[in-house]
Amino acid sequence: MAIEDIVIPQLGESVAEGTIGTWLKQVGDAVAADEPIVEVETDKVAMEVPSPVAGVLAEQVVAEGDTVEIGALIAKVDTEGKGAAPAPAAKVETAAPAVSTPSPAPQAPAAASPAASGDLMPMSPAVRRIVEDYNLDPASISGTGKDARLTKGDVMKAIEAGSARTMSAPVQMVVASSGPREERVKMTRLRKTIASRLKDAQNTAAMLTTYNEVDMGAVMEARNKYKDLFAKKHNIKLGFMSFFTKACCLALKEVPAVNAFIEGDEIVYHNYANIGVAVSSPNGLVVPVLKDAQDMSFADTELGIANYGRKARDGKMTMDDMQGGTFTISNGGIFGSLMSSPILNAPQSAILGMHKIQERPMAIGGQVVIRPMMYLALSYDHRIIDGREAVTFLVRVKEALEDPTRLLLDM
């Protein structure tokens with residue numbers, strides 16, 4: 001038996017420890033080189049730790065929920081493929097006589113039903129949380145884990161492919177009535193950090209929000225006109241985020257205070273725009289960063305955002321993906337939000353909130369016209385950004401979106 005130790009890798013310069021989330025491989029499972037074996041949550045991101053070698057998982061040194069330091073031993077892999085591999089075969093042998101014995105035969109269907117049942121299917125806490133959040137029927141998803149258990153990857157792939165069935169209302173009612181009235185779940189490190197940073201932003205910054213509204217008609221017309229050609233050429237859909245990202249980059253050049261932050265008794269101005277894009281993941285809100293967004297094309301922006309979306313859903317976000325942001329865009333409109341006041345993503349000094357596009361009657365040229373309108377919200381740190389600067393920034397974003405030609409002419 002040749003044993004290879006698996007340790008917690010370096011997860012970032014400021015990260016000293018992590019919490020074991022979900023074991024993706026169980027003792028006795030075959031493991032390929034570079035195949036993820038466990039999820040680890042830090043105060044910044046949740047990520048998968050791969051095995052550097054191929055073999056069989058011989059031992060899980062730590063349990064789910066344990067907090068471990070960087071470099072700590074978490075698992076052992078038998079590179080000769082022995083380890084605990086015989087264990088599954090032993091289970092089959094002990095089960096065989098039960099099937100051949102006359103008396104237990106009627107029990108076979110009852111024993112099989114829990115595995116196919118939505119509420120009794122064995123799942124890890126992380127997988128169950130995703131299933132419940134999306135109201136999915138686990139029996140409609142094929143599991144690739146040990147004993148056909150569902151992994152987070154199985155669930156996310158089914159969601160993305162649209163192959164997972166949702167639970168019907170009657171089933172939900174039965175499950176709710178038979179379950180506990182309350183449930184206590186320990187907060188993940190990522191969720192605790194999100195809560196702490198949002199509260200720190202409120203306590204530290206002199207936060208204020210200014211609002212405007214934008215007629216999205218011109219953007220929608222341009223998008224509908226060129227979306228097929230765009231998708232054919234770049235192999236990515238043309239969305240609204242690329243328009244907003246480009247508009248913000250132009251406005252940041254004119255109002256540099258919105259792209260700055262306070263450090264001690266100094267103001268740090270950035271001559272580049274690293275745009276953070278808030279993305280919802282199963283573990284909470286994460287904000288990956290489009291580096292040097294001012295130099296990115298529409299296609300580059302859409303490809304970058306799509307890639308971050310997939311990484312967030314699959315738990316593959318890295319520390320580098322989320323570092324270095326200078327300004328953030330949050331799109332609550334995808335969830336149906338009509339208006340909100342976003343909280344700063346410290347140490348940044350401003351964040352733009354996008355919202356739902358809704359047709360509303362507008363007075364244009366003395367006539368009432370129905371237009372597709374969106375409310376915009378800019379939350380900013382009043383210690384560094386004056387009201388005039390905040391309003392100017394938001395107006396420039398509005399002007400660029402209502403006349404997308406400005407985006408091409410850098411005006």
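Note: hydrogens, waters and symmetry copies are ignored here, and every other heavy atom, side chains too, is used.
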query: Ala377 and Ser340: which non-hydrogen atoms are nearest, and at how many Å?
result: CB-O, 3.3 Å

query: How many angstroms lie between atom CG of Leu252 and atom CG of Asn271, to the nearest 0.5 angstrom?
result: 11.5 Å

- prompt: Salt-bridged, Arg383 to Asp381, with N to O below 4.0 Å?
  reply: yes

From CA spacing to verdict: side chain to side chain contact (heavy atoms under 4.5 Å, CB included), Val27, Gln60: CA-CA 7 Å; Val27 173; Gln60 295 174 348; 4.1 Å; yes

message: With a 4.5 Å cut-off on side-chain heavy atoms, are Arg388 and Thr392 touching?
response: yes

Heavy-atom closest contact (Ala260 atom, Ile267 atom, distance): CB-CG2, 4.0 Å

- request: To the nearest 0.5 angstrom, please state how far the CD1 atom of Ile357 sits from the OH atom of Tyr375.
  value: 13.5 Å

message: With a sphere of 6.0 Å drawn around NZ of Lys356, does it hold more than 12 non-hydrogen atoms of other residues, nucleotides or ligands?
response: no

message: Can a donor-acceptor pair be found, under 3.5 Å and without considering hydrogens, that links the side chain of Ser51 to the backbone of Val53?
response: yes

task: Output the distance between atom OG1 (Thr22) and atom CD (Glu39), rounded to the nearest 0.5 Å.
output: 4.5 Å

query: Can you find a pair of side-chain heavy atoms, one from Met354 and one from Ile329, that are under 4.5 Å apart?
result: yes

message: Looking at Gly324, is its backbone amide N or carbonyl O close enough to the side chain of Asn274 to form a donor-acceptor pair, meaning the two atoms are under 3.5 Å apart?
response: yes

task: Compare all side-chain heavy atoms of Ile275 with those of Thr301 and state whether any distance is below 4.5 angstrom.
output: no

- request: Return yes if some donor-acceptor pair links the side-chain N/O of Ser337 with the main-chain N/O of Gly332 below 3.5 Å, else return no.
  value: no

query: Roughly how far, to the nearest 0.5 Å, is the OG1 atom of Thr245 from the CZ atom of Phe327?
result: 9.5 Å

- prompt: Just by modelled atom types, is the Gly55 backbone N or O under 3.5 Å from a matching donor or acceptor in the Asp78 side chain?
  reply: no

task: Provide the closest heavy-atom pair for Ile384 versus Ser349 in the form atom of the first, atom of the second, distance.
output: CG2-OG, 3.5 Å

message: Do Leu407 and Leu250 have side chains that approach each other closer than 4.5 Å (heavy atoms only, starting at C-beta)?
response: yes

- prompt: Only one of Lys398, Arg360, His355 forms a side-chain hydrogen bond (donor to acceptor under 3.5 Å, both in side chains) with Glu213, so which one is it?
  reply: Arg360

field: Student check: side-chain heavy atoms of Glu399 and Asp403 closer than 4.5 Å
entry: no

message: Within a 6.0 Å radius of atom CD on Glu221, are there more than 12 heavy atoms belonging to other residues, nucleotides or ligands?
response: no

message: Please find the pair of heavy atoms, one from Arg396 and one from Ala251, that lie closest to each other, and give the distance.
response: CB-CB, 4.0 Å

message: Could you report the tightest heavy-atom contact between Ile8 and Ile74, atom names first, then the distance?
response: CG1-CG2, 3.6 Å

- request: Please tell me if the side chains of Phe244 and Leu352 come closer than 4.5 Å, counting only heavy atoms from C-beta onward.
  value: yes

- request: Ignoring hydrogens and angles, tell me if any N or O in the side chain of Glu64 forms a donor-acceptor pair with the backbone of Trp23 under 3.5 Å.
  value: yes

Do any side-chain atoms of residues 224-243 form donor-acceptor pairs under 3.5 angstrom with protein atoms, and if so which ones, sequence neighbours left out?
unit_1: Asn224; atom_1: ND2; unit_2: Met220; atom_2: O; d: 3.1
unit_1: Ser242; atom_1: OG; unit_2: Gly239; atom_2: O; d: 3.3
unit_1: Ser242; atom_1: OG; unit_2: Glu302; atom_2: OE2; d: 2.6

message: Measuring from atom CD1 of Ile343 to atom NZ of Lys199, what distance do you get when rounded to the nearest 0.5 angstrom?
response: 8.5 Å

message: What I'd like to find out is whether the side chain of Val214 reaches to under 4.5 Å of the side chain of Asn212, using heavy atoms alone.
response: no

- prompt: With a 4.5 Å limit on heavy-atom distance, are the side chains of Leu338 and Gln358 in contact?
  reply: yes

field: Spatial distance of atom CG (Leu378) from atom CD (Glu389) [nearest 0.5 Å]
entry: 11.0 Å

query: Going through the distances and angles, do Leu73 and Ile6 end up as a side chain to side chain contact (heavy atoms under 4.5 Å, CB included)?
result: CA-CA 6 Å; Leu73 176 66; Ile6 310 298; 5.6 Å; no

query: Do the side-chain N and O atoms of Gln294 and Asp292 include a donor-acceptor pair separated by under 3.5 angstrom?
result: yes

field: From CA spacing to verdict: side chain to side chain contact (heavy atoms under 4.5 Å, CB included), Phe261, His270
entry: CA-CA 9 Å; Phe261 72 92; His270 302 98; 3.2 Å; yes

- request: Starting from the C-alpha separation in whole Å, work towards a yes-or-no answer on side chain to side chain contact (heavy atoms under 4.5 Å, CB included) for Leu208 and Tyr380.
  value: CA-CA 6 Å; Leu208 189 64; Tyr380 60 99; 3.0 Å; yes

statement: What one should report as the nearest heavy-atom pair of Leu24 and Pro36 is CD1-CB, 3.8 Å

- prompt: Taking everything shown except Asn203 itself, do over 12 heavy atoms lie less than 6.0 Å from its CG?
  reply: yes

